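Working notes for the structure below.
Values below: all heavy atoms of this structure, side chains included; hydrogens, waters and symmetry mates excluded. Source: prediction; values computed, not measured. Each ligand, and each atom within it, is numbered from 1 in the order the structure gives.
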Amino acid sequence: MFIAFEGIDGSGKSTISSRLAGYLKGKGMELLLTSEPQDESLRHPSQEDAMNGFLMFYRFMADRISHLRTLENSIAEGKIVISDRYMLSTIAYQGPLLEKFFGSYEETMRWMNEASRPVTLLPDVTFLLDAPPALALKRISGKAREAFEREDYLTKVRDYYLRARWPNMVIMDAGLSIEECMTVVIETLEKLLG
Ligand code: ADP
Ligand code: TYD
């Protein structure tokens, strides 16, 4: 089983994915908790690079392709794989910047899906922690701001996330407490696993 967590910066992905990993380990399950990007330098791009949609699309895709074998091997070994961000992050973050080249949301989505399909796994479930940017940014206000962490940009990213109609996506209210989020996640997985 492959589970992805998605959402804008500060929505709670790292918190909920590591809590879920702890819960499943406690039940004796074998798992891999991982995240994207794998390359640390991609977390801190310059403002100029961050706003270059094609540059970041290809960089994040290359990073994902390097990560693919690790994911596939763990899934083949029967482990539950939990990834803090996956392909939908590229769609949501780079999509708004690519739209000016493709002219419309639909064309942008079509291109991104075509370009990524051969090298992308489809998670069995993707939890989208949906949060208003103001709330998410408030949660991470103690940290130094990264290039992507601007309210106007994150508003567009959130819109892409919500419009993407990604398969097997569960949209969650990230404004709920951590405990409430965990209940939604565990109940969803229990239904899926039977
Ligand atoms: P992300 O990985 O999406 O950037 P984090 O999991 O690092 O977000 O969470 C950002 C901050 O918000 C952390 O300080 C975390 O403790 C807090 N946080 C996460 N989820 C919640 C929640 N549901 N309610 C309140 N605070 C939360
Ligand atoms: P991350 O460290 O997960 O950020 P956070 O914990 O604050 O949510 O990701 C680093 C940044 O990279 C984040 O701002 C989102 C961005 N990103 C993309 O723009 N495209 C992508 O494909 C991925 C995986 C991340």
Side-chain angles (χ1 to χ4, degrees), residues 3-22 33-68 70-71 82-99 108-109 112-113 115-116 119-121 123 126-161 164 166 171-186:
I3 305 166
F5 281 89
E6 292 285 355
I8 60 173
D9 307 63
S11 56
K13 299 175 301 299
S14 312
T15 305
I16 304 297
S17 54
S18 59
R19 289 278 288 258
L20 176 64
L33 174 61
T34 186
S35 64
E36 292 192 354
Q38 287 278 290
D39 179 350
E40 188 59 30
S41 70
L42 279 176
R43 295 183 194 271
H44 315 286
S46 68
Q47 191 67 46
E48 193 184 348
D49 282 357
M51 293 301 123
N52 183 329
F54 276 112
L55 177 68
M56 296 318 281
F57 182 90
Y58 287 117
R59 280 192 184 163
F60 282 114
M61 282 311 298
D63 184 78
R64 182 160 305 118
I65 292 164
S66 312
H67 193 202
L68 186 60
T70 308
L71 298 181
I82 302 174
S83 189
D84 176 352
R85 294 195 182 281
Y86 191 59
M87 182 62 213
L88 192 53
S89 282
T90 304
I91 289 181
Y93 278 78
Q94 278 62 63
L97 300 168
L98 291 173
E99 201 174 300
T108 311
M109 288 298 284
M112 288 191 294
N113 280 321
S116 59
V119 286
T120 306
L121 302 175
T126 296
F127 291 102
L128 170 60
L129 287 158
D130 177 51
L135 170 72
L137 286 173
K138 194 163 155 233
R139 283 186 183 165
I140 52 176
S141 59
K143 283 195 337 184
R145 284 262 169 119
E146 297 290 349
F148 291 115
E149 296 171 356
R150 289 178 9 215
E151 193 167 342
D152 56 344
Y153 178 54
L154 291 180
T155 300
K156 293 183 190 150
V157 173
R158 182 192 190 194
D159 186 48
Y160 257 73
Y161 265 133
W166 191 246
I171 301 177
M172 297 175 49
D173 176 2
L176 296 174
S177 71
I178 295 173
E179 291 313 323
E180 287 168 325
C181 288
M182 284 302 297
T183 303
V184 175
V185 168
I186 290 166

ask   = How about Tyr153 and Arg158: does a side-chain donor come under 3.5 Å of a side-chain acceptor?
value = no

With sequence neighbours left out, the residues meeting ring-ring contact (aromatic ring centres under 6.0 Å, His included) with Phe57 are Trp111

Sorted by chain and residue number, the residues having a heavy atom closer than 4.0 Å to an atom of ligand 1 are Ile8, Asp9, Gly10, Ser11, Gly12, Lys13, Ser14, Thr15, Arg139, Ile140, Ala174, Leu176, Ser177, Ile178

Parallel, tilted or perpendicular: which fits the ring planes of Phe60 and Phe148, with parallel below 30° and perpendicular above 60°? tilted

Regarding Arg59 and Asp49, does a basic nitrogen lie under 4.0 Å from an acidic carboxylate oxygen? yes

Ordered by chain then number, the protein residues lying under 4.0 Å from ligand 2 by heavy atom are Asp9, Lys13, Glu36, Pro37, Arg43, Phe60, Arg64, Arg85, Ser89, Thr90, Tyr93, Gln94, Phe148, Glu149

Exercise. Between Leu137 and Leu154, is any pair of side-chain heavy atoms under 4.5 Å apart?
Worked result: yes

Look at the side chain of Lys13 and the backbone N and O of Ile8, then say whether any donor-acceptor pair between them is shorter than 3.5 Å.
yes

key: Pair Arg43 + Glu146: basic N to acidic O under 4.0 Å   = no

Across all chains, not counting sequence neighbours, the ring-ring contact (aromatic ring centres under 6.0 Å, His included) partners of Phe127 are Phe5

- Task: Indicate whether any N or O donor in one side chain lies under 3.5 Å from an N or O acceptor in the other, for Glu6 and Tyr86.
- Result: no

